[in-house]
Undergrad: 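My questions will all concern the structure given below.
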Amino acid sequence: MDKIFNYINGELVEPLSNQWLDNYNPAIGEVYSLIPDSTKEDVENAQKAAKNAFPIWSNSTIKERATILQRIANLILERQDDLAFAESVDNGKPLALAKKVDIPRAATNMSFFASAILHENSESHQMSQVAINYTLRKPIGVVGCISPWNLPLYLFTWKIAPALATGNTVVAKPSEITPMTAFLFSKICIDAGLPKGVLNIVHGLGAKVGFEITKHPNIKAISFTGGTLTGQKIAEVAAPMFKKLSLELGGKNPNIIFADCDLEKAVSSSVLSSFSNQGQICLCGSRIFVERKIYKVFKEKFLKKVKSLTIGDPLEKSSKIGSLVSQQHLEKVLTHIEVAKKDGGILLAGGNKFIPKGKCSNGYFLEPTVFEGLSYDCSTNQEEIFGPVVTLMPFDSEEEVLNFANSTKYGLCSMVWTSDLKRANRMSLKLDSGIVWINCWLVRDLRTPFGGMKESGVGREGGSYALNFFTETTNVCISYD
Ligand code: NDP
């Protein structure tokens, strides 16, 4: 059986305990590789390596750091077919999606922050006749990056790139459920000549490896993406230690369709924002509010497209819907579907496991599922399901839909479909969301602030927000006297 290794101090190493965890191919339902079940001792070694590497890496020039990060980006692109294949097998997502989105974006994350540091400005504040202040930004030291399973390499590199670019050294943990591309990435870092110890990747369970990273006194900042409950656990450990914390957490995003929208575009985009990556994207719009005047026609068009989505082997070109990431997650989503039915939800599409013919017949597939007839405040419309399950709800006025949209504990993103610019601006101001997409979805400029409010997170990633997070700020005040 193939083994995945930790990447510590520039080398690929076995876990000290020699204990291993099973890694599943979710589309087949079988174990296909083993991953380290790492412990405190592995995290300690990773931390030591990162600490030793810090003086050299933090004192390297921005040009040297940018060159290595760009080399990593180039190698990701050179190996994109292998990486996309590995991501699809490990996660269950359609290969076409991994090729189009996950892997190119991982390369862009590296090259974006490689060039961002070359173009960064620092601030100065003049006090006429008195003094001049300038702002120094210094790397923090050893930082921890912990990422989830839904967009494995994409979100892993989204954290690592700014952390390394700003001169920090890193101890990182990918999700134990999807570790393969992080392992391939460690080989890329070796081939790109990243100095030893600058990046260390420790595989294993969140409750062991993630916890040890979070509580290690020498790891000064934690950048975490994952569920809200895990974020809470991390904050409980890290906040009393005064660590810098960036938390990108769950969402229950509203997708709001006004009658004056471009209906065809709204329908097509809503299918994508509902079911891309089997609904396992934190930015998916799982609550679809449709103005009553067009509710019926939207519903008909939406359901027609949903029912035509091909479910099946993620490696097949025709598959638009792959498998869910694990059996455990499939069962969790099925439980949510049962709750929705008990709460009076009317099933318009899906609702069942899907069994493809052939080699994927034991995989964790679920039909794209659409409900109507549920109230905006029932648990289906309040709890994050993180699977291919959406609800349709009619509304009559802007005030009413704002109340519905803002009713959850989350505040990650919102989509608004309208041709009325004034309304779009009014809605953007009043929606409790870190991101509002007007007449589009998932259009990303990496310079923009990315993150959520309420229980969707603390802080923002992207562009200068990430560069600021991964640096300590010193104001230097020089007297003119
Ligand atoms: P989890 O919170 O379960 O896990 C995220 C990461 O944290 C994993 O690497 C996990 O390891 C690790 N972890 C688990 N427990 C601890 C702990 N006690 N201390 C430190 N680390 C720990 O999230 P999922 O992987 O299930 O991802 C899905 C969630 O991520 C959804 O809620 C989704 O909304 C959210 N998400 C948010 C995004 C955003 O930008 N706001 C983007 C993408 C996803 P292990 O896998 O071994 O448990």
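Scope of the values below: all heavy atoms of this structure, side chains included, with no hydrogens, waters or symmetry mates. Just follow the structure's listing: the first ligand is 1, and inside any ligand the first atom is 1.
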Undergrad: Extract all N/O-N/O pairs under 3.5 Å that connect ligand 1 to the protein, and present each with both atom names and the distance rounded to 0.1 Å.
TA:
unit_1	atom_1	unit_2	atom_2	d
ligand 1	2 (O)	Gly227	N	2.8
ligand 1	2 (O)	Thr230	OG1	2.6
ligand 1	9 (O)	Ser147	O	2.8
ligand 1	9 (O)	Lys173	NZ	3.1
ligand 1	11 (O)	Lys173	NZ	2.9
ligand 1	11 (O)	Gly206	N	3.4
ligand 1	23 (O)	Gly227	N	3.3
ligand 1	25 (O)	Trp149	NE1	3.2
ligand 1	26 (O)	Trp149	NE1	2.8
ligand 1	30 (O)	Gly226	O	3.4
ligand 1	32 (O)	Glu384	OE1	2.7
ligand 1	34 (O)	Glu384	OE2	2.5
ligand 1	41 (N)	Leu249	N	3.3
ligand 1	41 (N)	Leu249	O	2.7
ligand 1	46 (O)	Ser175	OG	3.0
ligand 1	46 (O)	Glu176	N	3.3
ligand 1	47 (O)	Lys173	NZ	3.3
ligand 1	47 (O)	Glu176	OE1	2.8
ligand 1	47 (O)	Gly206	N	2.8

Undergrad: Salt-bridge test for Asp42 and Lys173: reply yes if a basic N is under 4.0 Å from a carboxylate O, no otherwise.
TA: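 Salt bridge flag = no for Lys173 with Asp42.
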Undergrad: Please say whether the positively charged group of Lys3, taken as NZ for Lys or CZ for Arg, lies over the ring of Trp20, i.e. under 6.0 angstrom from the six-membered ring centre and within 45 degrees of the axis.
TA: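 Verdict for Trp20: a cation-pi partner in Lys3.
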Undergrad: Is the closest side-chain heavy-atom distance between Ser319 and Ile311 below 4.5 Å?
TA: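 No; the side chains remain at least 4.5 Å from each other.
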Undergrad: Under the 6.0 Å and 45° cation-pi test, does Arg105 pair with Tyr154?
TA: yes
Undergrad: Would you please indicate if the ring centroids of Phe404 and Phe289 are separated by under 6.0 Å?
TA: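 Yes, close enough.
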Undergrad: Do Glu331 and Gln328 have side-chain atoms, one donor and one acceptor, less than 3.5 Å apart?
TA: no
